Amino acid sequence: MNQKENAELSKMFAYAGNRHWLTIVGCILAGISTILSMLPFVCIWFVIREFIHALGQGDITLAVSCGWYAWLAVLFSALSILLYFFALNCSHLAAFRTATNMRKEAIHHILTLPLGYFSQNASGQLRKIIDDNAGLTEGFLAHQLPDLTGAVVMPVAVLVLIFLFDWRLGICCLIPMAISVFFLKQMMGGDNAQFMSKYMTALERMNKEAVEYIRGIPIVKVFQQTIYSFKNFHAAIEEYEKFASGYALKCRVPLTGFTVTLNGTFVLLIPVAMLILAGVSGQAAYKDVALDFLFYSLFTPVCATMMNRIMFASEQLMAAKSAVSRVEAILQEQPLPEPVSPQVPKDASVVFKNVSFTYPGAKEKALEQVSFEVSTGKTVALVGASGSGKSTAASLIPRFYDVQEGSVSVGGVDVRNIAKRDLMERVAFVFQNTRLFKDTLLENIRAARPSATREEVLKAAEMAQCKEIIDRLPNGLDTIVGSGGTYLSGGENQRIALARAILKDAPIIVLDEATAFADAENEHQIQLAFEELTKGKSVLMIAHRLSTIQDADLILVFKDGKIIERGTHDELLSGNGTYATMWKDYQTSISWKVGKGDV
């Protein structure tokens with residue numbers, strides 16, 4: 001076993017904490033249980049031998065007296081079952097603790113990771129990695145590890161027993177076992193050794209695509225795009241099917257060879273027994289050979305069972321090691337470094353200075369040499385086509401990511417030198433994709449500031465133009481959103497998000513397409529809420545609806561990660577550049593009417 005494999009097994013035991021010793025005890029008990037489970041076969045052979053000898057002498061009393069061997073067989077069987085029961089109890093207690101600690105450690109760690117990590121790693125994939133792999137490790141430690149210990153101990157006991165009675169018949173049992181090991185190595189070694197890692201990756205991708213597909217079902221139904229939308233999920237299924245069936249085909253020959261040789265012991269055992277019989281004379285010698293053959297006939301299935309347990313346990317060991325390595329991969333993700341000597345910003349200004357940024361794994365820069373300033377109490381709007389870098393720039397203020405070149409400063413301090421909690425308390429967000437918890441409206445708004453009183457929450461909701469939403473809900477602020485038929489529209493969700501931001505009362509506001517899902521009525525309400533939210537605050541606003549940013553103190557036009565124009569609304573219109581074209585197109589779009597025109 002190489003160093004990496006040892007490290008993975010050591011990590012499994014480390015997750016068990018102070019219960020790791022239970023795993024060791026469980027393995028020891030399982031090994032003893034395995035040895036005891038083979039002794040009844042010896043006792044049964046003694047019973048048969050004594051009985052046959054007794055019948056040959058015509059002494060029935062002697063035949064009955066050998067029954068104590070049978071009781072020994074029962075005793076060994078009972079002890080074996082009892083020890084295995086205690087072994088599983090120990091291993092289960094350790095396995096439960098291991099799985100729990102794996103989940104806890106992984107969840108606690110991902111909470112320290114920057115928000116940018118979650119935009120690149122789908123929730124379905126993370127759930128699969130953490131939950132399923134912890135469960136797989138639990139199953140291995142609880143069941144397969146004791147069996148693997150028994151499978152390792154059993155060959156030693158088997159080697160002793162198969163040579164105990166007749167070494168020639170013993171070799172006949174040993175040869176098929178040796179050949180089956182050769183086939184087992186073909187299945188578990190080489191390229192197939194990486195099978196479990198690839199298998200897990202395929203499952204994770206399929207799980208990720210399934211989650212995304214299910215989340216998008218409402219949109220799929222509306223636009224009748226079922227077949228098209230199923231494409232990615234179907235491709236993930238086909239990739240998994242192609243990989244799994246390919247592995248199965250590769251294992252077809254070695255698995256067949258393993259099964260045939262392991263169960264073909266009698267092909268050697270019977271001819272060799274006949275040759276031995278042909279070479280002896282006398283009734284006693286014939287009887288001894290026949291009894292030895294009978295023992296090996298009884299014991300051969302034990303050898304097959306042993307090798308099958310080794311194969312199954314080895315496969316589960318591969319899966320468990322892969323599971324641990326995948327959870328470890330998450331734990332190896334590094335959170336953004338915290339400053340050793342945190343500094344406190346002097347105000348709510350935001351300054352980008354020659355900022356360049358490339359997403360992890362990307363080849364092209366998302367931002368290149370971007371510089372601008374949001375002065376305290378001012379509003380700066382970012383506009384441009386999708387993918388131009390607007391949202392990327394906004395995400396760098398709260399350190400979703402760290403820049404590779406240049407700096408982002410808040411209050412004259414580089415955000416990398418501000419304590420994480422302090423920075424997050426200074427920035428409030430309203431995203432275009434607002435998510436509400438399945439909880440009361442009160443708790444959904446109070447998520448921004450858990451210490452807020454009910455009166456403060458209600459005031460923030462009213463300032464966000466949510467009063468009519470609260471009034472029509474059956475239990476007002478105490479209505480649980482997402483149950484009992486209580487659902488909010490996209491625009492109403494946005495107003496709740498604004499209420500959160502108002503309640504947080506942070507000096508810096510980031511609005512990312514905050515009116516994206518709002519209808520005309522909700523957009524008007526949201527604009528009123530904006531006025532309350534942004535009073536005296538530094539605001540960075542990203543918008544496609546240009547009507548929402550006419551009054552911005554500065555408008556920045558992004559294209560391909562660069563700022564190509566900057567100025568007020570009137571200045572940009574008079575410049576007759578990209579913004580002027582965007583404004584003209586926007587005005588044309590809002591003048592469109594549905595219906596027949598004059599013919």
Side-chain angles (χ1 to χ4, degrees), residues 345-357 366-401 403 406-415 418 423 426-432 498 501-502 504 506-516 526-527 529-575 577-580 582-583 586:
K346 63 180 184 294
D347 54 36
S349 62
V350 177
V351 176
F352 277 62
K353 185 177 181 181
N354 299 324
V355 170
S356 293
F357 173 74
L367 294 176
E368 186 173 355
Q369 295 297 306
V370 171
S371 297
F372 65 88
E373 180 177 355
V374 184
S375 300
T376 303
K378 300 296 183 180
T379 297
V380 173
L382 310 183
V383 299
S386 296
S388 60
K390 308 183 302 296
S391 295
T392 301
S395 68
L396 296 178
I397 299 173
R399 290 188 76 192
F400 284 18
Y401 304 93
V403 299
S407 65
V408 179
S409 302
V410 170
V413 180
D414 192 313
V415 292
I418 303 174
L423 179 61
R426 291 172 183 274
V427 184
F429 314 89
V430 180
F431 298 110
Q432 57 178 315
L498 286 169
I502 291 171
K504 186 173 183 179
I508 300 171
I509 310 294
V510 176
L511 303 173
D512 187 356
E513 302 288 2
T515 60
I526 290 172
Q527 289 297 336
F530 279 169
E531 294 178 10
E532 295 293 338
L533 173 62
T534 60
K535 284 180 181 177
K537 307 292 176 63
S538 301
V539 181
L540 190 70
M541 180 184 293
I542 301 169
H544 281 305
R545 295 185 182 182
L546 301 185
S547 59
T548 62
I549 60 168
Q550 293 180 69
D551 298 327
D553 298 294
L554 178 66
I555 298 173
L556 304 175
V557 182
F558 276 72
K559 183 179 181 181
D560 298 330
K562 300 177 182 177
I563 299 175
I564 58 172
E565 293 179 9
R566 65 179 71 210
T568 63
H569 175 72
D570 293 334
E571 289 171 348
L572 291 173
L573 286 182
S574 63
T578 302
Y579 181 82
M582 292 172 62
W583 178 258
Y586 176 73

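Computed from a prediction, not measured in an experiment: that's the story for all the values here.
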S.K.: Using the ring of each side chain (for Trp, its six-membered ring), is His569 parallel, tilted or perpendicular to Trp583, with breaks at 30° and 60°?
M.R.: perpendicular
S.K.: Let's go through Leu396 and Val403 carefully: what are the C-alpha distance in whole Å and the side-chain angles of both, what is the deciding distance for side chain to side chain contact (heavy atoms under 4.5 Å, CB included) to 0.1 Å, and is it a yes or a no?
M.R.: CA-CA 7 Å; Leu396 296 178; Val403 299; 3.6 Å; yes
S.K.: Show your reasoning for whether side-chain hydrogen bond (donor to acceptor under 3.5 Å, both in side chains) applies to Thr568 and Asp570.
M.R.: CA-CA 6 Å; Thr568 63; Asp570 293 334; 5.5 Å; no
S.K.: For the residue pair Lys537 and Ala506, what are the closest heavy atoms and their distance?
M.R.: CD-O, 3.2 Å
S.K.: Check the surroundings of atom CG in Asp560: do more than 12 heavy atoms from other residues, nucleotides or ligands lie under 6.0 Å from it?
M.R.: no
S.K.: My understanding is that only residues two or more places apart in sequence, or in another chain, count here; which of them pass side-chain hydrogen bond (donor to acceptor under 3.5 Å, both in side chains) with Ser538?
M.R.: none
S.K.: First locate atom CD1 of Ile555, then atom CD1 of Ile563, and finally report the distance between them rounded to the nearest 0.5 Å.
M.R.: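 These two atoms lie 13.0 Å from each other.
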S.K.: Going from OG1 on Thr376 to NZ on Lys378, what distance comes out if it is rounded to the nearest 0.5 angstrom?
M.R.: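 Rounded to the nearest 0.5 Å, the OG1-NZ separation comes out at 10.0 Å.
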S.K.: So, for Val510 and Ala394, which heavy atoms are closest and what is the spacing to 0.1 Å?
M.R.: CG1-CB, 3.8 Å
S.K.: Please check: side-chain N/O of Lys390 versus main-chain N/O of Ala381, any donor-acceptor pairing under 3.5 Å?
M.R.: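 A pair under 3.5 Å: no.
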S.K.: Begin with the C-alpha distance, continue with both residues' side-chain angles, and end with the deciding distance and a verdict on side chain to side chain contact (heavy atoms under 4.5 Å, CB included) for Ile397 and Val350.
M.R.: CA-CA 8 Å; Ile397 299 173; Val350 177; 4.0 Å; yes
S.K.: Grab the two heavy atoms, one from Pro345 and one from Ile418, that are nearest each other, plus how far apart they are.
M.R.: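 Smallest heavy-atom distance, with atoms named: CG-CD1, 3.5 Å.
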S.K.: Compare every heavy atom of Ser356 with every heavy atom of Gln369, then report the nearest pair and how far apart it is.
M.R.: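 Answer, listing the atom of Gln369 first, then Ser356: N-OG, 3.0 Å.
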S.K.: Which pair of heavy atoms, one from Ser395 and one from Pro398, lies closest together, and at what distance?
M.R.: O-CD, 3.4 Å
S.K.: Given Phe558, which partner from the list Val370, Ile542, Ile564 fulfils the side-chain contact (heavy atoms from CB on, under 4.5 Å) test?
M.R.: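 It is Val370, the one option of Val370, Ile542, Ile564 that forms the side-chain contact (heavy atoms from CB on, under 4.5 Å) with Phe558.
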S.K.: Check whether any side-chain heavy atom of Val383 lies under 4.5 Å from a side-chain heavy atom of Met582, and answer yes or no.
M.R.: yes
S.K.: Rounded at 0.5 Å granularity, tell me how far CD1 in Ile508 sits from CG in Leu423.
M.R.: 7.5 Å
S.K.: Would you say the side chain of Tyr579 lies within less than 4.5 Å of the side chain of Glu571, judging by non-hydrogen atoms?
M.R.: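 No, every pair of side-chain atoms sits at 4.5 Å or beyond.
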S.K.: CG/Leu556 to NZ/Lys562 distance, rounded to the nearest 0.5 angstrom?
M.R.: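 If we round to the nearest 0.5 Å, Leu556:CG and Lys562:NZ are 16.0 Å apart.
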S.K.: CG of Leu511 to CZ of Phe429: how many Å apart, nearest 0.5 Å?
M.R.: 11.0 Å
S.K.: Would you compute the distance between atom OG1 of Thr392 and atom CG of Leu367 and round it to the nearest 0.5 angstrom?
M.R.: 5.5 Å
S.K.: Taking Thr379's backbone N and O only, do any of them form a donor-acceptor pair with Asp553's side chain (distance below 3.5 Å, no angle check)?
M.R.: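 Such a contact is found between Asp553 side chain and Thr379 backbone.
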S.K.: For Asn354, is there any backbone N or O sitting under 3.5 Å from a side-chain donor or acceptor partner on Ser371?
M.R.: yes
S.K.: Any idea which heavy atoms bring Leu572 and Gly567 closest together, and the distance?
M.R.: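 Distance-wise, the nearest heavy atoms are CD1-O, 3.7 Å.
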